[in-house]
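We name chains A, B, ... by the order of the sequence lines, and we start the count at 1 in each one. Atom set for the values below is all heavy atoms of this structure, side chains included, hydrogens, waters and symmetry mates excluded.
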Number of protein chains: 2
Amino acid sequence: MESRITIGQLAKATDTKAVTIRYYESAGLVSPVTRTEGGYRLYTDRERDRLIFIKRARLLGLSLEDVKSLLGLADDENAPCGQVDSIIHEQLERVRSRLKDLQQLERELDRLEQCCQADTVADCKIIESLSQ
Amino acid sequence: MESRITIGQLAKATDTKAVTIRYYESAGLVSPVTRTEGGYRLYTDRERDRLIFIKRARLLGLSLEDVKSLLGLADDENAPCGQVDSIIHEQLERVRSRLKDLQQLERELDRLEQCCQADTVADCKIIESLSQ
DNA sequence: ATGAAGGTTCTAGCCGCTATAGGGTCAAGC
DNA sequence: GCTTGACCCTATAGCGGCTAGAACCTTCAT
């Protein structure tokens, strides 16, 4: 017999805020199986698993749109795996591109930080560098 | 004699969109020196320099709030340089922290990408890994 | 029956823009 | 002087992924 839990219990079980769960619902990612007469959302283990899935995927930096696609694919055992691969692959490319940008930024900020030994803005090489 | 330019000319000169310049104005970063009778914004070299400053600072990933602080400091020759340093330093720390996160993400995504040789979702290790 | 804890919807805000609508202004050519 | 077309104006809404708040309703233990 499956137990039904409220949004607060689901939130606790998945370390996700209740508002966020409702937001995911509005984005079409996860819905309650039913509601109480008073309108409280009720969930089962299936939704808990789904939320854990979402959480993991979000930790990989995937957009909610990508997560939604993955959930759709996961629901269909016969779906071709290629689409899953390409979502992951594209994310990897985005991450690598962002890494490059950030490494460049780090170098630049590090250089800037080194170069200022002044007391006042008048002699500050950082301000000078930004003003060129 | 200083020449006055319109927002479009300023936009071209600084490679910033006119809408963005107006947005910066609403955020208190840069204002026109005056307006035409018809209400057109007019700028001088000073504003052009200010926009170039903003652009450079934004390329370092600084928030508009930080840029605003830097502009304020840059305006005062006698301001102590320490505040400038700390804005840069904190940004460097943020960048380094983000770099760590992204490197972790890259490893994880790379691992995921390697591990799936399946045809369908039923055997897909990626989906499995996300579902645990 | 009551009160606390938790639930509901709706709206607005965050950042840094971008897009759209519906208008007004400017300078040049006729 | 008039028209044209490029440019400008304000105001509003949207993006993503939440978060916060108001005003109200439900549930459950006592």
Side-chain angles (χ1 to χ4, degrees), chain A residues 3-43 47 51 53-71 87 90-91 94-95 98 101 105, chain B residues 3-43 47 51 53-71 87 90-91 94-95 98 101 105:
Chain A
S3 61
R4 313 221 145 158
I5 56 174
T6 64
I7 199 168
Q9 292 164 330
L10 179 59
K12 215 168 269 173
T14 60
D15 196 28
T16 309
K17 294 180 181 169
V19 276
T20 303
I21 297 174
R22 281 192 283 259
Y23 175 71
Y24 287 164
E25 182 180 344
S26 79
L29 293 184
V30 66
S31 305
V33 275
T34 183
R35 299 228 184 183
T36 65
E37 291 196 357
Y40 279 28
R41 290 167 175 83
L42 291 177
Y43 302 90
E47 284 72 47
L51 257 180
F53 185 104
I54 294 169
K55 189 136 219 229
R56 293 228 172 80
R58 289 289 298 139
L59 283 175
L60 294 176
L62 291 165
S63 68
L64 288 191
E65 208 45 52
D66 277 348
V67 178
K68 197 174 170 183
S69 301
L70 284 178
L71 282 168
I87 287 173
E90 277 164 29
Q91 179 63 10
R94 275 191 292 269
V95 166
R98 187 88 184 96
D101 290 351
L105 230 60
Chain B
S3 61
R4 313 221 143 157
I5 56 174
T6 64
I7 199 169
Q9 291 163 331
L10 179 60
K12 215 169 268 171
T14 60
D15 196 28
T16 309
K17 293 179 182 172
V19 275
T20 303
I21 297 173
R22 281 192 284 258
Y23 175 71
Y24 287 164
E25 182 179 344
S26 78
L29 294 184
V30 65
S31 306
V33 275
T34 183
R35 299 227 185 184
T36 65
E37 290 196 358
Y40 279 28
R41 289 167 176 83
L42 291 177
Y43 302 91
E47 285 73 45
L51 257 179
F53 185 104
I54 295 169
K55 188 138 221 227
R56 292 227 174 81
R58 289 289 298 138
L59 283 175
L60 293 176
L62 292 164
S63 69
L64 288 192
E65 208 46 51
D66 277 348
V67 177
K68 198 174 170 182
S69 300
L70 284 178
L71 282 168
I87 287 173
E90 277 164 31
Q91 179 64 9
R94 276 191 292 268
V95 166
R98 188 85 184 99
D101 290 351
L105 231 60

Practice task
Would you sort out whether B:Leu42 and B:Ile5 count as a side chain to side chain contact (heavy atoms under 4.5 Å, CB included), showing the intermediate values?
Solution key: CA-CA 5 Å; B:Leu42 291 177; B:Ile5 56 174; over 6 Å; no
Practice task
Can you sort out the partners of A:Arg58 under side chain to side chain donor-acceptor pair (under 3.5 Å), two or more places apart, ordered by chain and number?
Solution key: none
Handout entry: A:Gln9: side chain to side chain donor-acceptor pair (under 3.5 Å) partners, not counting sequence neighbours
Key = A:Thr6
Exercise for the section: Indicate yes or no for a side-chain donor-acceptor contact from B:Thr20 to the backbone of B:Ala18 under 3.5 Å, with no hydrogens or angles considered. Expected result: no
Exercise for the section: Check for a donor-acceptor pair, side chain of A:Glu47 on one end and backbone N or O of A:Val33 on the other, with a separation under 3.5 Å. Expected result: no
Fill in the blank from the handout: Between B:Tyr40 and B:Leu62, whichever has its closest DNA chain C nucleotide further toward 5' is B:Leu62
Problem - 5′-ward residue of the pair A:Leu42/B:Glu65 relative to DNA chain C - result: A:Leu42
Handout entry: Nucleotide interval of DNA chain D bounded by contacts with chain B (heavy-atom cut-off, under 4.0 Å)
Key = D:dC7 to D:dT10
Between [N] atom [atom2] and [X] atom [atom1], what is the distance in whole Å?
X: B:Leu60; N: C:dG16; atom1: CG; atom2: P; value: 14 Å
X: A:Tyr23; N: C:dG13; atom1: OH; atom2: P; value: 17 Å
X: B:Leu64; N: C:dC14; atom1: CG; atom2: P; value: 13 Å

Practice task
List in numerical order all residues of residues 8-22 of chain B for which some heavy atom is under 4.0 Å away from an atom belonging to DNA chain C.
Solution key: B:Lys17, B:Thr20
Problem - Smallest separation among heavy atoms of A:Leu62 and A:Ile87, with atom names - result: CD2-CG2, 3.9 Å
Exercise for the section: Evaluate the side-chain proximity of A:Val67 to A:Leu70: yes if any heavy-atom separation is below 4.5 Å, no if none is. Expected result: no
Problem - Heavy-atom side-chain contact between B:Thr34 and B:Arg4 under 4.5 Å - result: yes
Problem - side chain to side chain donor-acceptor pair (under 3.5 Å): pairs with one or both residues in residues 21-30 of chain B, sequence neighbours excluded - result: B:Glu25-B:Arg41
Practice task
Apply side chain to side chain contact (heavy atoms under 4.5 Å, CB included) to A:Ile7 and A:Tyr43, showing your working.
Solution key: CA-CA 7 Å; A:Ile7 199 168; A:Tyr43 302 90; 3.7 Å; yes
Exercise for the section: May I ask you to list the residues of residues 27-39 of chain B, by number, that have any heavy atom positioned under 4.0 Å from an atom of DNA chain D? Expected result: B:Arg35, B:Gly39
Problem - Presence of salt bridge, B:Arg98 and A:Asp101, under 4.0 angstrom - result: no
